[in-house]
Asks: 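My structure is below; once you've seen it, I'll send some questions.
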Amino acid sequence: MNSTDLMILAVILLAVLIYVKLDTLKELFSSNDSDISVANGGSNDIVQLMRDNDKSYLVLFASQTGTAEDYAKRFAKELKSKFNLNVLCKDVENTDLENLHELPSDIVVSFFVSTYGEGDFPDGAVMFEQYLNSAQLPDLKFTVFGLGNNTYEFFNMAAKKTLKMLLAAGATLIGELGEGDDGKGTTEEDYLSWKEAIFDSLHEHINLSETNNGFKSSFNFTYLDSIDDNAYLGELTEDYLPHHEVKNVANIKHPLITKITASKELFKSVGRNCIHTEFDISGSSIKYETGDHVAVWPFNANEKVEQFMSTFGLDPKKIFNMTPSDSTMKAPFPCPTTIETAVRYYLEITGPVSRETLSVLSEFAPNNIKQYVINLSKDKEGFAKEITAKKFNLADALLFLSQGEPWSQVPWECLVETLPIITPRYYSISSSSNADPTKIHVTSIVENSPNDLTGSPTLGVTTNLLRNVSLHMNSPESTKILPVQYDIMGPRNLYGGNSLPIHVRHSAFKLPTDISVPVILIGPGTGVAPFRGFVRDRVHSVTSGENANMGKIMLFYGCRDENDYLYEEEWPQYSTQLDGKFEMIVAFSRISDKKCYVQHKLKERQNDVLALLNQGANVYVCGDAARMAKDVQHAICEMIAQDKGVSIEDASEIVKAMKVNGKYQEDVW
Ligand code: FAD
């Protein structure tokens, strides 16, 4: 190969890299300091930053949706409060690690790494992965905690790769790899056990003395008398404040408020709801491809905000500002703002309670229950039985423990710094970027389950908000039936009752570009969402004259009965338009004594499924990660084993290879 060849190769490689990671680059260049959650510092050189700010411990996170970031910040905060360490907590994105080998050997680095897609690193960690691949770090001591989901083939793969590459670089692991498992719903307890073991191990490597003087704020709080146009009333970014120009940029740091032009209920039954929402992206910088995910940015319902405020005796109108005590930190959400705004728009107040949160707040518990609360926060089983199993949110839990007495001693500063920040929820887009280029459709099941222990149902934040908007748009008086009400006008009326902030996250869940490749789609419940997009895409191809060679589409869908049959009226139409190339096979689970699920239908149609697989069909599975995806994979392995006369283990290897080659794709949650 001569130098011209090498140059051409380099240009091609660069072009491919830019193409594949275009969104990451766009986010990187457009990232702005007013983002609501990512800590930032002046210099990007990590060693310089540590030195300049006299830091004694480094926590790095690679986060896709904010979970790894959340755990990293909690870990950093506890290191500070428990051991009085001066911790730098930083996103690996935008961080220059080139000089990491120069870090003094008494500084430990803790990595928090999420796994995304098929064992991939988060989008913002591409450079981090590249750096680790060739790093030499003989003096580095480190810990790793992974955030993953065991229902995926490549469980915690990015964290495992991080560990492997660091060991190959000569670095020393402290303790063991921690593996948070969202699939089992045990991430919180996985983290707590890992953290306790790591704190023990750290003593052997660095000089630690426990201070434990209780909560110490990492920010300077000031309280203001009056509100002006620079105060945030729920705006997510600075440019949504009055007299600012809104940037037409949409990413995880800058969602765009987008109009909902249509919304309707899809279920026919009473008591369960599924909302179809159409966001209008015409004229917006938001672009998507069929199979992508859209993130919807929620906020808390009025009743939950009021419950929270009264539990802590908070003054809703109080205006505060929080500024970090050094330049490497950043306020978790935009300030100045009011206490009520922070509770409504920026804090996650209704999810399950963490044992660690109870431990932090125990210091401020009413005197008569303080010791009981401290003990409960240390008792994994007792906490699971008394708090988690009852599906209490924080306010429910504290009022239950204090028998209704408010927890007025908890400082606002402590709440702000302890509670997680509200994060966007992702939805598999159910429209087609070819058939519906100016619309993003979302198909969301409304999370609402009765809870006799609290007297009020356990509700999902985003899906109940989408339902509130839907009812408001279609018949405002019917919103009275809702279990909770939202301030759907939004901050300074920005949402007007029919808009919400969104951004798109690109996904690898894609139809084959070769239209002649047959596809087997398996998506019960709202798992059918991206497949509606896929089928609409194929219909668009046919109506644009591309149907000559179209491969067959088999869609296995599952629902309880006719009442929750999603988009029932649309499918026959698609079948006609696709001229018999599209077949829908429905598993009804509740119309007879014998439950029938998609995996049973797959078995019933074994010959057709195998025929398509032998023609090189792609398999796509979407929906419930906990059980369905595993049952489906098992059914397919059984069929392959039978067809090829091999063992189940060998058939599993075949499916694994299909996954690696993109022939078997999953979009499960
Ligand atoms: P949350 O507020 O996030 O609550 C989550 C669950 O916890 C709910 O069931 C809620 O009832 C329960 N809960 C709330 N508080 C407590 C408590 N204190 N204790 C115990 N439990 C509690 N969903 C769809 O409907 N359609 C899709 O197409 C879709 N696609 C997805 C694609 C991806 C890639 C991912 C990751 C997820 C997808 N989801 C989809 C799921 C979706 O992102 C949300 O998780 C879901 O809609 C619930 O959001 P929520 O804000 O309403 O509920």
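Just follow the structure's listing: the first ligand is 1, and inside any ligand the first atom is 1. Nothing here was measured: the structure is a model prediction, and the numbers come from that model.
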Asks: On the six-membered ring of Tyr426, is Arg505 placed so that its NZ or CZ lies under 6.0 angstrom from the centre and within 45° of the ring axis?
Replies: yes
Asks: How long is the straight-line distance from CD of Glu340 back to CG of Asp487, given to the nearest 0.5 Å?
Replies: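 Rounded to the nearest 0.5 Å, the CG-CD separation comes to 8.5 Å.
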Asks: To the nearest 0.5 angstrom, please state how far the CE atom of Met584 sits from the CG atom of Leu555.
Replies: 4.5 Å
Asks: Flag Tyr427 as yes when one of its N or O atoms lies below 3.5 Å from any N or O atom of ligand 1, and as no otherwise.
Replies: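 Tyr427 vs ligand 1: N/O contact under 3.5 Å present.
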Asks: Considering only the protein, which heavy-atom contact is closest to atom 2 (O) of ligand 1, and what is its distance?
Replies: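 Residue, atom and distance for the closest contact: Val461 N, 2.9 Å.
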Asks: Just checking, any donor-acceptor pair under 3.5 angstrom between side chains of Asn464 and Glu447?
Replies: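 No - no donor-acceptor pair under 3.5 Å links their side chains.
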Asks: In terms of atom number and element, which parts of ligand 1 are under 4.0 angstrom from non-hydrogen atoms of Thr458?
Replies: 11 (O), 13 (N), 14 (C), 15 (N), 16 (C), 21 (N), 22 (C)
Asks: Ligand 1 and Asp667, any nitrogen or oxygen pair closer than 3.5 angstrom?
Replies: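 In this structure, Asp667 places no N or O atom under 3.5 Å from an N or O of ligand 1.
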Asks: Just let me know how Val442 lines up against ligand 1, side chain, backbone, both or neither, with a heavy-atom cut-off below 4.0 Å.
Replies: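 Neither; nothing of Val442 gets under 4.0 Å from ligand 1.
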Asks: Would you tell me which option among Glu447, His293, Arg425 has the nearest heavy-atom contact to atom 1 (P) of ligand 1?
Replies: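 Going through Glu447, His293, Arg425 one by one, Arg425 has the nearest heavy atom to atom 1 (P) of ligand 1.
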Asks: Looking at atom 51 (O) of ligand 1, what's its closest protein heavy atom, distance included?
Replies: Thr462 OG1, 2.7 Å
Asks: Kindly indicate whether the side chain of Leu500, heavy atoms from C-beta on, has any atom under 4.5 Å from the side chain of Thr258.
Replies: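 No, side chains not in contact.
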Asks: Which residue and non-hydrogen atom of the protein lie closest to atom 53 (O) of ligand 1, and at what distance in Å?
Replies: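 Of the protein heavy atoms, Gly460 CA, 3.1 Å lies nearest.
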Asks: Identify the closest protein heavy atom to atom 42 (C) of ligand 1: which residue and atom is it, and at what distance?
Replies: Tyr426 O, 3.3 Å
Asks: Nearest protein heavy atom to atom 52 (O) of ligand 1, by residue and atom, and its distance?
Replies: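 So the nearest neighbour among protein heavy atoms is Thr463 OG1, 2.6 Å.
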Asks: Can you name the atoms of ligand 1, numbered from 1 with element, that are less than 4.0 Å from a heavy atom of Gly351?
Replies: 15 (N), 17 (C), 18 (N)
Asks: I'd like to check which ligand 1 atoms, numbered from 1 as shown, lie under 4.0 Å from a non-hydrogen atom of Phe392.
Replies: 18 (N)
Asks: Tell me whether Arg505 has any N or O atom under 3.5 angstrom from an N or O of ligand 1.
Replies: no
Asks: Could you tell me whether atom 5 (C) of ligand 1 has at least one protein heavy atom nearer than 4.0 Å?
Replies: no
Asks: Check ligand 1 against Asn393 and write out every atom of the ligand that is under 4.0 Å from a heavy-atom position of the residue.
Replies: 18 (N)
Asks: Verify the distance criterion only: is there a donor paired with an acceptor across the side chains of Ser114 and Ser63 at less than 3.5 Å?
Replies: no
Asks: In the protein, which heavy atom is nearest to atom 19 (N) of ligand 1, and how far is it?
Replies: Lys391 CA, 3.5 Å
Asks: Under 6.0 Å between ring centres, would you say that holds for Phe299 and Tyr345?
Replies: yes
Asks: Please check if the distance between the ring centroids of His254 and His503 is under 6.0 Å.
Replies: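 Between His503 and His254, which both carry aromatic rings, the centre distance is not below 6.0 Å.
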Asks: How about Glu189 and Ser354: do any of their side-chain heavy atoms sit closer than 4.5 Å?
Replies: no
Asks: More than 12 heavy atoms of other residues, nucleotides or ligands under 6.0 Å from CZ of Arg627: yes or no?
Replies: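 It does not: Arg627 CZ has 12 such atoms or fewer within range.
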Asks: With respect to Ser428, determine whether any N or O atom, backbone or side chain, lies less than 3.5 Å from an N or O atom of ligand 1.
Replies: yes
Asks: Using a distance-only test with no angle check, is there a side-chain donor-acceptor pair under 3.5 angstrom linking Thr186 and Asp190?
Replies: yes
Asks: Going by the order shown, which atoms of ligand 1 are within less than 4.0 Å of some heavy atom of Ile445?
Replies: 25 (O)
Asks: Applying the salt bridge (charged side-chain N to carboxylate O under 4.0 Å, His left out) criterion to Lys268, which one of Glu569, Glu562, Glu568 satisfies it?
Replies: Glu568
Asks: Would you mind checking which non-hydrogen protein atom is closest to atom 36 (C) of ligand 1, with the distance to 0.1 Å?
Replies: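 Ranking protein heavy atoms by distance from atom 36 (C) of ligand 1, first comes Trp669 CB, 3.8 Å.
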Asks: For ligand 1, is there an N or O atom under 3.5 Å from any N or O atom of Ala529?
Replies: no
Asks: Could you tell me whether the side chain of Pro501 reaches within less than 4.5 Å of the side chain of Tyr495, counting heavy atoms only?
Replies: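 A side-chain contact under 4.5 Å exists here.
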Asks: Any non-hydrogen protein atom below 4.0 Å of atom 32 (C) of ligand 1?
Replies: yes
Asks: Is there a nitrogen or oxygen of Ser449 sitting under 3.5 Å from a nitrogen or oxygen of ligand 1?
Replies: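 Between Ser449 and ligand 1, no N or O pair is found under 3.5 Å apart.
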Asks: With atom 14 (C) of ligand 1 as the reference point, say which of Thr423, Leu459, Leu466 has the nearest heavy atom.
Replies: Leu459
Asks: Does Phe509 have its ring centroid less than 6.0 Å away from the ring centroid of Phe534?
Replies: yes
Asks: Look at atom 15 (N) of ligand 1 and say which protein heavy atom is nearest, naming residue and atom and giving the distance to 0.1 Å.
Replies: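 I find the closest protein heavy atom is Thr350 O, 3.0 Å.
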